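Numbering of residues begins at 1 and proceeds along the displayed sequence. Just so you know, these numbers come straight off a predicted model, no measurement behind them.
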Amino acid sequence: MDVKKLGTRQLFLMKRESLEKKIVTYYEQSGDADSVIEYLVAVMVRNALNLTGAFSFLCKDLLRDLFLTVEPTDTLRLFLPFFKEYFESKEWDGLIKQYFGSPSEYFSQTEMIRSFKNAFEKEGGLDLYREGLVYDIRSRFEDAAGKRHLLTIRDVDPNKEETLVAEILEVLTLLSIFEVDGVRKFVALVDYKGGGHVETTSYKVGKAKQTEEDTVVEEAPTNTKTKKQSVVAAAPSPKKSNKLSYEEAAAIVEAEYPLPGEEALTSESPSHDAVDLPPKPTSSYVRFDKTPEQVEEEHRQKNLKRRLDKQQGKKKDSRTKRNRKRK
């Protein structure tokens, strides 16, 4: 059965309880003891840099069973010194005999790992911690093909000296579990930077809670053309024209230049003079057989047209010119 391996996201970002379940489940499905041991070594690196040591003795029962029951392998033998505290004195003596044959062989073959273990246990001597800041380490590693990879570890202790931090990170170069397309990711440590920042707000939308709108937004770049077409079809926008219609121009003129008496009628506080003045009588309807309302509307339309022509800069018609010549 092909079981998906754990990556840096799970090992360096997951909370303790979830990560422990992941590792146990992985072993139950795969039976891959070597990978589980390397996972727990990576977690020890995280714990050694952690501000509170929140990942101490992770998967203790599983690890004990592996070393006490599984057939010894090179991976188990290499990393055994990291886990001395997981066993009682008699159990530890038995493991040394089982894996190395004698205490002298154990000490001669595990010098490097025991040096790394001392780095795990050292306390930092700096005084950089400040309340309210979140500290992390951004490290870069070179892979087997010469390509560089970034690894960020959060909630770290800022009081550890740079040489101590570098030595702890070097342990990751011993692991074979991190790879991309068969190429080991962490072959050599390039550099690292540590820093503290103020974490203000954060938010994450899980897959289960993701709305339909969120999904559309994520897929928008690949369907931009289709989306634009649907919007245009739903709400077509008419072409704009710089030429005003007669009704639009008349409305502008009426608003800008109201007829006498109109200003008072449309004002919020009408003039008392306008109310007191009686309307001017007209007798045109007698001559043209029209009602007073029709005559008044014609006068209003003529005055409006005259002002509109003046506003648009039109010349007077030819009849006016001929009248002027006769005079």
Side-chain angles (χ1 to χ4, degrees), residues 3 5-8 10-124 153 155-157 160 164-165 167-178 186:
V3 182
K5 290 192 173 185
L6 278 67
T8 54
Q10 291 91 351
L11 295 172
F12 292 100
L13 293 177
M14 271 188 166
K15 293 183 179 180
R16 180 187 177 104
E17 184 179 353
S18 300
L19 179 56
E20 196 162 27
K21 289 180 179 178
K22 274 279 186 183
I23 294 175
V24 171
T25 301
Y26 173 81
Y27 180 71
E28 289 174 348
Q29 294 177 348
S30 67
D32 185 1
D34 286 353
S35 292
V36 169
I37 295 301
E38 291 200 18
Y39 291 153
L40 294 176
V41 171
V43 174
M44 291 189 87
V45 170
R46 180 182 180 183
N47 187 69
L49 297 171
N50 190 261
L51 188 61
T52 61
F55 295 87
S56 299
F57 296 101
L58 189 78
C59 298
K60 182 178 179 179
D61 293 338
L62 173 60
L63 183 132
R64 282 173 51 81
D65 288 342
L66 293 179
F67 276 106
L68 292 173
T69 61
V70 173
E71 189 71 23
T73 65
D74 291 341
T75 300
L76 271 65
R77 184 179 294 106
L78 175 63
F79 296 117
L80 176 62
F82 282 142
F83 305 102
K84 181 179 179 180
E85 286 72 24
Y86 284 64
F87 303 94
E88 296 178 359
S89 179
K90 288 184 179 181
E91 290 174 329
W92 184 249
D93 292 340
L95 288 173
I96 289 178
K97 185 177 180 179
Q98 180 184 2
Y99 279 85
F100 298 95
S102 65
S104 59
E105 282 296 315
Y106 167 77
F107 285 110
S108 64
Q109 294 183 30
T110 61
E111 184 177 356
M112 178 185 66
I113 298 298
R114 286 185 290 109
S115 174
F116 283 131
K117 186 174 185 296
N118 290 335
F120 284 172
E121 297 170 352
K122 281 183 181 178
E123 295 289 337
I153 303 177
D155 299 321
V156 300
D157 183 359
K160 292 185 182 291
L164 179 57
V165 172
E167 187 176 4
I168 294 171
L169 290 173
E170 285 280 358
V171 175
L172 297 177
T173 64
L174 304 175
L175 306 179
S176 60
I177 51 175
F178 305 117
F186 303 146

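Atom CG of D65 is separated from atom SG of C59 by 11.5 Å, given to the nearest 0.5 angstrom. Interatomic distance, E85 CD to K60 NZ, rounded to the nearest 0.5 Å: 10.0 Å. In this structure, M44 CE and I168 CD1 are separated by 11.0 Å, a value rounded to the nearest 0.5 Å. Considering CG of L49 and CG of D157, their distance stands at 8.5 Å, rounded to 0.5 Å. The line from CZ of R16 to CZ of F57 is 9.5 Å long, rounded to the nearest 0.5 Å. In this structure, E91 CD and K84 NZ are separated by 13.5 Å, a value rounded to the nearest 0.5 Å.
Counting only heavy atoms from C-beta outward, the side chains of Y39 and L175 never approach each other to under 4.5 Å. Residues D155 and L51 form no side-chain contact, since every pair of their non-hydrogen atoms from C-beta on lies 4.5 Å or further apart. For the pair I37/F82, no side-chain contact is recorded, criterion being any heavy-atom separation below 4.5 Å from C-beta on. Put simply, the side chain of V41 does not reach to within 4.5 Å of the side chain of I177, judged on heavy atoms. A 4.5 Å side-chain heavy-atom check between W92 and L80 finds at least one atom pair inside the cut-off. Using a 4.5 Å cut-off on side-chain heavy atoms (C-beta onward), L40 and I23 make contact. Counting heavy atoms from C-beta on, the side chains of L19 and L6 come closer than 4.5 Å. The closest side-chain heavy-atom distance from L169 to F186 is not below 4.5 Å.
Relative to the six-membered ring of F120, K117 misses at least one condition, a distance below 6.0 Å or an angle of at most 45° to the axis.
In this structure, D74 pairs ionically with R77, as a charged nitrogen and a carboxylate oxygen lie closer than 4.0 Å.
Each side chain to side chain donor-acceptor pair (under 3.5 Å) pair with one or both residues in residues 94-112, not counting sequence neighbours, appears once here: S102-S104, E105-Q109, T110-R114.
Using modelled atom types, one finds a donor on one side chain and an acceptor on the other under 3.5 Å when comparing D32 with Y26.
Within 6.0 Å of atom CD in E121, more than 12 heavy atoms from other residues, nucleotides or ligands are found, so the atom counts as buried in its surroundings.
Residues L164 and A119 share a closest heavy-atom pair of CD1-O, 3.6 Å. Between A48 and K160, the shortest heavy-atom distance links the atoms O-CE, 2.8 Å. Listed here is the closest heavy atom pair of L11 and A42: CD1-CB, 4.2 Å. Of all the heavy atoms in L174 and F116, the pair that sits closest is CD1-CE1, 3.9 Å.
Listed for the R64 side chain is a donor-acceptor partner under 3.5 Å among the backbone atoms of Y86. In this structure, E20 contributes its side chain and L58 its backbone to no donor-acceptor pair below 3.5 Å. In terms of modelled atom types and a separation under 3.5 Å, the side chain of S56 and the main chain of G53 share a donor-acceptor contact. No donor-acceptor pair under 3.5 Å is formed between the side chain of T25 and the backbone N or O of K22. N47 places a side-chain N or O within 3.5 Å of a backbone atom of F55 that can act as its donor or acceptor partner.
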F87 vs L95, test: side-chain contact (heavy atoms from CB on, under 4.5 Å). Steps then yes/no. CA-CA 9 Å; F87 303 94; L95 288 173; 3.8 Å; yes
Test salt bridge (Lys or Arg N to Asp or Glu O under 4.0 Å) on E167 and K122 and set out the steps. CA-CA 11 Å; E167 187 176 4; K122 281 183 181 178; 5.2 Å; no
